[in-house]
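Worksheet: the structure to be examined is printed underneath.
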Amino acid sequence: MEVIKFQDANCAHCYKCLRNCDVKAIRINDGQAQIVREMCIFCGHCMEICPQKAKTLESDLDYVKQMLKRKEKVVVSLDPSYCGLISNNKPKKIIDALLKLGFTDVRETAEGADLVTREYARLINEGKMENIIISHCPAIVYLIEKHYPMLIPYLAPVISPMIAHGRMIKEQMGAHVKVVFIGPCVAKKMEAEDDRTTVGAVDAVLEFNELENWLKEEGIDLDACEELEFDNKDPMVNQLYPVPTGIVRAVSTYGADSKYINMSVSSIKSCRELFHIMKQGYLSGVFAEVSLCAGGCVNGPGVNKSRGFRFKSAISIEHNACLRNPELPRVLPEERMHRGFTPMQVIEQLPGEKQIKEILKTIGRSNSDTEFNCGACGYATCREKAVAIYQGKAEADMCLIRTYENTRSMANVVINNMPSIVLITDQDFKILEFNRMAEKVFGTTKREAVKTYLFDYIETAEFEEAMRTHETKIHYKKKWSFYEMTVLETIVYLEDSDHLLAIIEDITAEEAQEEKQMLRKLNSIRMAQDVIDKQMVTAQKIAGLLGETTAETKATLTQLREYMLEDEV
């Protein structure tokens, strides 16, 4: 099963999940983040930090609703960190709210922790293990099985409080009873439903976030609920499991003979540091309470971190827990409290030095001086990134510095080789960008220009108007008399940065050419007019001559007609 789902998102140049995944259980393929299940410890931290919310939990909520709809007997195992994490000053009102949702009973997971604490005390008293790493946190168990298998002999071979509680409930109330664990942990879901050594004890797992959304959906107001008591005896000191040193203090009340040095560690970085030292053989005789989440289970991924309730929860748990052994009757035999562990480390193929250098060259890191080791891609060093590329977990274009350098380089090539003047100013008209053509026209270097202002070179009336109106001015023709130039100014207002981008084209030659062409046209028109005038004079003379000869001809013909008529008479 897939506990954490990765949806398609715009992962390019983000890599926040990869940067925050200490075990690097995320691969980037075609710009998309994907989970590497064989390496994942299901801590859920990638879900918390993804800015696009593209990592989500495979929810059991619909399954739980169906069980309740079928009127099945469903019992809640409620993690002790509910105290303070659920938004209410009277936390036991959550019991009434859960009963209104349809659950049969509500019991504290700390009831099962009593059995686990007894087993830890027994292991301490036996003193057979060189070191004891407690196994209540499933993410820690997966971390050791997959990444520190040599430390499995140190893992306490004991089931977690959740599994113990689930088995206890089914033992007392019948195997047909369904158990739903509600808490702040994502890895619990994997432990309950997909771990062959623990599957079957718990039927479904819900996060506190899911529960709060469900209560809102059903219109159940916690403030309007009654304060009720749990359907179990007070587990007392075992309520301290979700807070730092809570388990160490619980074990001390169970008569454990302190043959070990107690140590409490939380956060994955601290845990890995501890495991690395243990792996080197530098520690012996340690009883290590380890939690993957910084500050303990109260800071798990299944709670709303924006409210900062983990501090309230820790104080509330410390205040309410009675620091005594509850002396509850033993429900499960010792063999049902036992569990084993399986090495699951993935041995990845490593490239040779020659291959690493070849890969480094492809990402522009040809020597140690160019290996910035910035970590922006998610890997601590460029060499680690090269190894990940070799293993198919990373891509060459994940290097943000290289992308920036390439982009800036291409931008500089374009800007510097443009035949027009290109410059950028801020809102005070201080020069920020200045290309080669600008250097040539204004007779200065970019290094000097960026220390000056635009009005040191040209009149800025149209720039001031563009800045005032936030409007772009396109192809504004202007004469720069001082530079004996005619230019076309395009001034673009950059809204995001409140800057001005100017592209200024020198059209002096074109203007001169157009003026010459205009003179040629005027000369041609004048010459044509002269020809027309001469033609008109000639035409008028010809017309005069034609008029005189026509009159003479008419007179002669008239006389001839009259003469001929006289002969007929």
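Atom set for the values below is all heavy atoms of this structure, side chains included, hydrogens, waters and symmetry mates excluded.
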#### Entry: Nearest-0.5 Å distance that lies between atom CZ in F42 and atom CG in D195
10.0 Å

### Message
Please tell me whether Q349 and Q391 have a donor and an acceptor in their side chains that are separated by less than 3.5 angstrom.
### Response
no

### Task
Measure the shortest side-chain to side-chain distance between E119 and E334 over non-hydrogen atoms and say whether it is less than 4.5 angstrom.
yes

### Task
Hey, could you give me the CZ/CE distance between R167 and M162, rounded to the nearest 0.5 Å?
10.0 Å

### Message
Under the criterion side-chain contact (heavy atoms from CB on, under 4.5 Å), I'd like the reasoning laid out for I140 against F275: C-alpha separation, chi angles, the key distance, then a yes or no.
### Response
CA-CA 11 Å; I140 288 291; F275 295 161; 4.1 Å; yes

### Task
Give every residue pair that meets the side chain to side chain donor-acceptor pair (under 3.5 Å) criterion with at least one member in residues 376-387, sequence neighbours excluded.
E353-R383

### Task
Please check if the side chain of S135 supplies one atom and the backbone of A156 the other of a donor-acceptor pair under 3.5 Å.
yes

### With sequence neighbours excluded, residues passing salt bridge (Lys or Arg N to Asp or Glu O under 4.0 Å) with E358
none

#### Entry: Donor-acceptor under 3.5 Å (S270 side chain, V265 main chain)
no

### Query
Could you walk me through whether I94 and F208 pass the side-chain contact (heavy atoms from CB on, under 4.5 Å) check?
CA-CA 11 Å; I94 192 61; F208 283 137; over 6 Å; no

### Task
Please tell me if the side chains of I277 and Q280 come closer than 4.5 Å, counting only heavy atoms from C-beta onward.
no

### Message
The criterion is side-chain hydrogen bond (donor to acceptor under 3.5 Å, both in side chains); which residues satisfy it with N29, sequence neighbours excluded?
### Response
none

### Task
Report the distance from atom CG of L240 to atom CD of E318, rounding to the nearest 0.5 Å.
5.5 Å

### Message
Checking Q172 now: which residues fulfil side-chain hydrogen bond (donor to acceptor under 3.5 Å, both in side chains) with it, not counting sequence neighbours?
### Response
R107

#### Entry: Flag side-chain contact, heavy atom, 4.5 Å: E48 against P301
yes

### Task
Only counting residues at least two apart or in another chain, list the ones meeting side chain to side chain contact (heavy atoms under 4.5 Å, CB included) with P51.
C14, K16

### Message
Please check this pair: side chain of S313 against backbone of V298, looking for a donor-acceptor N/O pair closer than 3.5 Å.
### Response
no

### Task
Determine the sole option in T117, T109, D79 for which the side-chain hydrogen bond (donor to acceptor under 3.5 Å, both in side chains) test with Y241 is passed.
T117

### Exam field: side chain S264 to backbone T245, donor-acceptor pair closer than 3.5 Å
yes

### Summary
Residue set satisfying side chain to side chain contact (heavy atoms under 4.5 Å, CB included) with C83, at least two apart, ordered chain then number -> P91, S316, I317, N320

### Message
Please enumerate all residues that pass side-chain hydrogen bond (donor to acceptor under 3.5 Å, both in side chains) together with D22, with sequence neighbours excluded.
### Response
K269

### Test item: K259 side-chain N/O and N125 main-chain N/O as donor-acceptor pair under 3.5 Å
yes

#### Entry: Side chain to side chain, C46 and C21, heavy atoms closer than 4.5 Å
no

### Query
Do L115 and M168 touch side chain to side chain, with heavy atoms closer than 4.5 Å?
yes

Donor-acceptor contacts under 3.5 Å from residues 144-155 side chains, at least two apart:
{"residue": "E145", "atom": "OE2", "partner": "T342", "partner atom": "N", "Å": "3.0"}
{"residue": "K146", "atom": "NZ", "partner": "R37", "partner atom": "O", "Å": "3.0"}
{"residue": "K146", "atom": "NZ", "partner": "C40", "partner atom": "O", "Å": "2.7"}
{"residue": "H147", "atom": "NE2", "partner": "M39", "partner atom": "O", "Å": "2.8"}
{"residue": "Y148", "atom": "OH", "partner": "R272", "partner atom": "NE", "Å": "3.0"}
{"residue": "Y154", "atom": "OH", "partner": "E130", "partner atom": "OE1", "Å": "3.2"}

## Note on the structure
Applying side-chain hydrogen bond (donor to acceptor under 3.5 Å, both in side chains) to E229 and not counting sequence neighbours gives K92

### Message
So V180 and D203, do their side chains get closer than 4.5 Å, heavy atoms only?
### Response
no

### Query
Which atom pair, heavy atoms only, marks the closest approach of D60 to L206?
C-CD2, 3.9 Å

### Message
Minimum heavy-atom separation for N131 and V286, please, with both atom names.
### Response
OD1-N, 3.0 Å

#### Entry: For D114, all residues meeting side chain to side chain contact (heavy atoms under 4.5 Å, CB included), sequence neighbours excluded
R118, N238, Y254, N325, P326, L328

### Query
Just how far is it from atom CD1 of I169 to atom CD of E111, taken to the nearest 0.5 Å?
6.5 Å

### Task
Could you tell me which residues satisfy side chain to side chain contact (heavy atoms under 4.5 Å, CB included) with K100, sequence neighbours excluded, listed by chain and number?
D96, I220, C225

### Spacing of S59 atom OG and E207 atom CD [to the nearest 0.5 Å]
8.0 Å

### Query
Has the side chain of N373 got a donor or acceptor atom that lies under 3.5 Å from a matching backbone atom of C382?
yes

### Task
Keeping the roles fixed (side chain from K178, backbone from K73), state whether a donor-acceptor pair exists under 3.5 Å.
no

## Note on the structure
Here the pair of heavy atoms bringing V202 nearest to A204 is CG1-O, 3.3 Å

### Task
Would you indicate whether the side-chain heavy atoms of Y390 and I356 approach each other to under 4.5 Å?
no

### Residues which pass ring-ring contact (aromatic ring centres under 6.0 Å, His included) with Y82, listed by chain and number, not counting sequence neighbours
F230

## Note on the structure
Closest heavy-atom pair, I26 versus L18, reported as atoms and distance to 0.1 Å, is O-CD1, 3.5 Å

### Task
Please test K189 against E193 for salt bridge (charged side-chain N to carboxylate O under 4.0 Å, His left out), starting from the C-alpha separation and ending with a verdict.
CA-CA 6 Å; K189 183 174 175 62; E193 301 175 31; 3.3 Å; yes

#### Entry: Closest approach of R339 to T198 (non-hydrogen atoms, all atoms of both residues)
NH1-CG2, 4.1 Å

#### Entry: Distance (rounded to the nearest 0.5 Å) between R336 CZ and I163 CD1
11.0 Å

### Message
Using a 3.5 Å distance criterion without hydrogens, assess whether the side chain of E289 forms a donor-acceptor pair with backbone atoms of I247.
### Response
yes

### Query
If we only count heavy atoms from C-beta on, is the S77 to I182 side-chain gap below 4.5 Å?
no

### Message
Please check: side-chain N/O of S291 versus main-chain N/O of C293, any donor-acceptor pairing under 3.5 Å?
### Response
no

### Message
Ignoring hydrogens, what is the shortest heavy-atom contact between G296 and S266? Give both atom names and the distance.
### Response
N-CB, 4.1 Å

### Query
With no hydrogens and no angle check, is any side-chain donor or acceptor of D231 less than 3.5 Å from a backbone partner on D105?
no

